[in-house]
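Structure, as structure tokens:
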There are 2 protein chains.
Amino acid sequence: MGYQLELRHFTYFLAVAEELHFRKAADRLFISQPGLSRQIKQMEEIIGADLFVRNNRSVSLTAAGHYLKKELAFIFNHIDFTIKHTRLINEGSNGEIRVGFLGSAIQTVIPEILINVNSTYPNIKFSLEEMSNYDQVEAIEKDQLDLGFVRLSRVPKGIQMKVIHTDTFSLVLPDNHLLTKDTFTSIKQVENEHFILFSSNYSSLYYDKIVSICEDKGFTPKVSHKSVHAQTIYKLVESGLGVAIVPTSLQHGFNLGVKFLEIPKIPQRAVLSVIWKEDNRNPALHRIMQFL
Amino acid sequence: MGYQLELRHFTYFLAVAEELHFRKAADRLFISQPGLSRQIKQMEEIIGADLFVRNNRSVSLTAAGHYLKKELAFIFNHIDFTIKHTRLINEGSNGEIRVGFLGSAIQTVIPEILINVNSTYPNIKFSLEEMSNYDQVEAIEKDQLDLGFVRLSRVPKGIQMKVIHTDTFSLVLPDNHLLTKDTFTSIKQVENEHFILFSSNYSSLYYDKIVSICEDKGFTPKVSHKSVHAQTIYKLVESGLGVAIVPTSLQHGFNLGVKFLEIPKIPQRAVLSVIWKEDNRNPALHRIMQFL
DNA sequence: CTAATTGATAACCCACAGTTATTGAATGAT
DNA sequence: ATCATTCAATAACTGTGGGTTATCAATTAG
């Protein structure tokens, strides 16, 4: 009494259940027959059920034994798979990477990376969450996130950053606006319009950069609305509430009454970077680093 | 080298994974801390994966450890059930079905099912436990439960759901309230009363539905109390602390100073569903499926 | 009858799970 | 700085119980 069931018991039971012969089962397990007999007996005592009928000349399974045999086969397979899978996760071949991103990055860069990673490591899964620059940095420091897609110039100590995409800026105008691709030569032509920008605490670098585009040309933009979603910004532009400046690549995927005119002759670029924690312990992350 | 994994390792691992503290885990297991440390280390060697990160000051799970923890919880539940079931078969019973349910389902539907099953399969036993929607889903995924009675609109992948009962809603009033069956025409008549509802994290769909009944009629209910038990809610109503809205069938089985008025002309229904795991291996469950 | 084949029992042995005592590293308090 | 505290790892030990060999008891075959 007071013993515990162990996997050993299950292994032994399965051998006997398959051989229906203690001696042969013992041989298969490379142990002696009395040892096996005792373990099986102990197992029956622990469970509190007869598993075999010993006819003193032949061995057969009881109904309970039959059921147990079937279930244990399942359990062993499940355990085997689990152990194997655990090892794989440890090696980074399987696993999950938690990704944060700015809405303005989801159109171009991220999909490409995901597709590439998926073709080489189909077992690595992603969980995506849209977050502000600042929230991403915080989440990465807290190990709530493995990877962030941000627009930042600097990043706290302990966090790595790598530029992965630079983009020109485009002016967003309502479809019926006077300016066209041909007549648009400088951003100064819209200096009297109201500007709709991404909220500065969503991405302050981004905000400042757009303001600097205007200031370089000698005027300060009148910012009337701030928003977080490109969709919202375009809707406001379409409604005639103002104009906007966004990264050129952000024109894909929308169907609204606005037109995009690339701003010529400016040095500013929308820079998208990946960030991650130096001492991140997620093995899957290291696997996919090459794709960044 | 050459060791074997045993259930002991799993038990120890789970204790450490839950406590994240070797000493506390060792205390819980009634063994010494060095013994535990060694077993865990051995386990990591056998599996060939790091399961914990020991910072010499704190213990945390690796990605592989997280995965293993989740899977082992399932495996243990499955083994426990299998052993129990083996014993039941040995005793000549046909099995046991573990049922979870919302308190609001115990009055009407479940008793009928139990009576039906019992008359055909007198040897199938039930263990009933009252649980929230969310807990039931979790328990079913972990194989802690075979069947759940919930009020949900969606359910995770791998879980089956079937509607078994739809019910109208009734207003619960203290006996001495002015409104009667004849004068009650719209829920708007009680818009100034305080409402006592089931807690939203007990059953959020249910909560939202009741709020929507009011909002459809042009007002937002003032929710003053939230509770988990119908009994409690009725008691509060009886005490004059407010009114409540519950599924009509939930009026049976109580003897309190409250009256139930079915709410006329609303589309909302209280929908009760059964849920179970697609790949549930309990043979008794498959036998009783026809009764659902 | 004897010989062969089966699982159960008895008595012994040693591997290793679990013990106590200690170290070493990191943190917090004064 | 210095000391006390808190944690896991290491070292050296001990004794339970898994496994051993030897034997028995029961059945079947020739």
Side-chain angles (χ1 to χ4, degrees), chain A residues 1-62 64-66 68-69 72 143 158 279 281, chain B residues 1-62 64-65 68-69 72 76:
Chain A
M1 257 299 116
Y3 292 72
Q4 274 288 128
L5 271 187
E6 289 296 347
L7 290 180
R8 178 185 59 254
H9 293 112
F10 297 161
T11 317
Y12 292 0
F13 168 81
L14 275 188
V16 178
E18 276 159 25
E19 300 284 349
L20 291 178
H21 197 290
F22 276 77
R23 182 88 208 271
K24 285 179 194 163
D27 285 351
R28 202 172 97 178
L29 295 164
F30 301 108
I31 63 170
S32 66
Q33 172 265 313
L36 177 59
S37 284
R38 190 139 67 83
Q39 288 295 308
I40 295 290
K41 194 181 171 190
Q42 194 188 76
M43 183 176 174
E44 288 180 315
E45 273 165 16
I46 298 172
I47 295 182
D50 302 323
L51 303 175
F52 295 104
V53 183
R54 284 88 147 174
N55 260 341
N56 221 336
R57 190 76 194 163
S58 71
V59 177
S60 62
L61 282 162
T62 62
H66 262 114
L68 191 62
K69 179 186 172 191
L72 285 185
D143 197 31
D279 57 353
R281 302 195 131 268
Chain B
M1 260 302 117
Y3 292 71
Q4 275 288 126
L5 271 186
E6 289 296 348
L7 290 180
R8 178 184 61 252
H9 293 112
F10 296 161
T11 315
Y12 291 1
F13 168 79
L14 275 188
V16 179
E18 276 161 25
E19 300 282 349
L20 290 178
H21 197 290
F22 277 77
R23 237 203 83 128
K24 285 180 193 162
D27 285 351
R28 202 171 96 179
L29 296 164
F30 301 107
I31 62 170
S32 66
Q33 173 263 313
L36 178 59
S37 284
R38 191 140 66 81
Q39 288 297 308
I40 296 290
K41 195 181 169 188
Q42 194 188 74
M43 183 176 173
E44 289 179 314
E45 274 165 15
I46 299 172
I47 295 183
D50 301 323
L51 303 175
F52 295 103
V53 183
R54 285 89 147 174
N55 257 345
N56 216 337
R57 190 75 194 164
S58 71
V59 176
S60 60
L61 283 162
T62 62
L68 190 63
K69 179 187 172 188
L72 285 185
F76 268 116

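On a predicted model such as this, the values are computed, not experimentally measured, just so you know. Chain identifiers are assigned alphabetically (A, B, ...) following the order of the sequence lines, protein sequences preceding nucleic acid strands; residue numbering begins at 1 within each chain. The figures here come from the full heavy-atom set of this structure, side chains too, leaving out hydrogens, waters and symmetry mates.
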*Considering the terminal five base pairs at each end of the helix from C:dC1-D:dG30 to C:dT30-D:dA1, what angle separates the two local helix axes, rounded to 10°?*
20°

*Tell me which residues in residues 10-21 of chain B put a heavy atom below 4.0 Å from DNA chain C, sorted by number, or none.*
B:Tyr12

_Going by ring pair (Phe, Tyr, Trp, His ring centres under 6.0 Å), name the residues that satisfy it together with A:Phe22, two or more places apart in sequence or in a different chain._
none

*Residues in side-chain hydrogen bond (donor to acceptor under 3.5 Å, both in side chains) with A:Thr62, at least two apart?*
none

_Interatomic spacing from CD in A:Gln39 to CD in A:Gln42 - rounded to 0.5 Å_ = 5.0 Å

*Report the distance from atom CG of B:Leu7 to atom C1' of C:dA17, rounded to the nearest whole Å.*
15 Å

*What's the CD-C1' distance between A:Gln4 and C:dA17, to the nearest Å?*
14 Å

*Nearest-angstrom distance from the residue atom CG of B:Leu36 to C1' of D:dC7*: 13 Å

*Listed by chain and number, what are the salt bridge (Lys or Arg N to Asp or Glu O under 4.0 Å) partners of A:Glu44, not counting sequence neighbours?*
A:Arg54

*Mind checking ring pair (Phe, Tyr, Trp, His ring centres under 6.0 Å) for B:Tyr12 and listing every partner two or more places apart, or none if nothing turns up?*
none

*When you check the phosphate oxygens OP1 and OP2 of C:dT19, does a side-chain N or O of B:Ser32 lie under 4.0 Å from one of them?*
yes

*Report the distance from atom OH of A:Tyr3 to atom C1' of D:dG19, rounded to the nearest whole Å.*
13 Å

Polar pairs (N or O, both sides) under 3.5 Å between protein and nucleotides 9-13 of chain D?
unit_1 : atom_1 : unit_2  : atom_2 : d
D:dA9  : OP1    : B:Arg54 : NE     : 2.9
D:dA9  : OP2    : B:Ser37 : OG     : 2.9
D:dA9  : N7     : B:Gln33 : NE2    : 3.0
D:dA9  : N6     : B:Gln33 : OE1    : 3.2
D:dT10 : OP2    : B:Lys41 : NZ     : 3.4

_Sequence-distant partners of B:Gln33, side-chain hydrogen bond (donor to acceptor under 3.5 Å, both in side chains), two or more places apart_ = B:Ser37

*How close or far is atom C1' of C:dT6 from atom CD1 of A:Ile40, stated in whole angstroms?*
16 Å

*For atom CD of A:Gln42 and atom C1' of C:dA8, their distance in whole Å*: 15 Å

*Residues in side chain to side chain contact (heavy atoms under 4.5 Å, CB included) contact with B:Arg38, at least two apart in sequence or another chain*: none

*asked:* Just the rounded figure in Å: distance from C1' of C:dC16 to CD1 of B:Ile31.
replied: 14 Å

*With sequence neighbours left out, write down each residue that passes salt bridge (Lys or Arg N to Asp or Glu O under 4.0 Å) with A:Asp50, or none if nothing qualifies.*
none

*Using the test side chain to side chain contact (heavy atoms under 4.5 Å, CB included), find all partners of B:Thr11 that sit at least two apart in sequence or belong to another chain.*
B:Leu29, B:Phe76

*side chain to side chain donor-acceptor pair (under 3.5 Å) assessment of B:Arg8 paired with A:Gln4*: CA-CA 8 Å; B:Arg8 178 184 61 252; A:Gln4 274 288 128; over 6 Å; no

_By side chain to side chain contact (heavy atoms under 4.5 Å, CB included) - contacts of B:Arg28 (at least two apart)_ = B:Ala15, B:Glu18, B:Glu19

*Mind calculating the distance between CG (B:Leu29) and P (C:dT19) to the nearest angstrom?*
10 Å

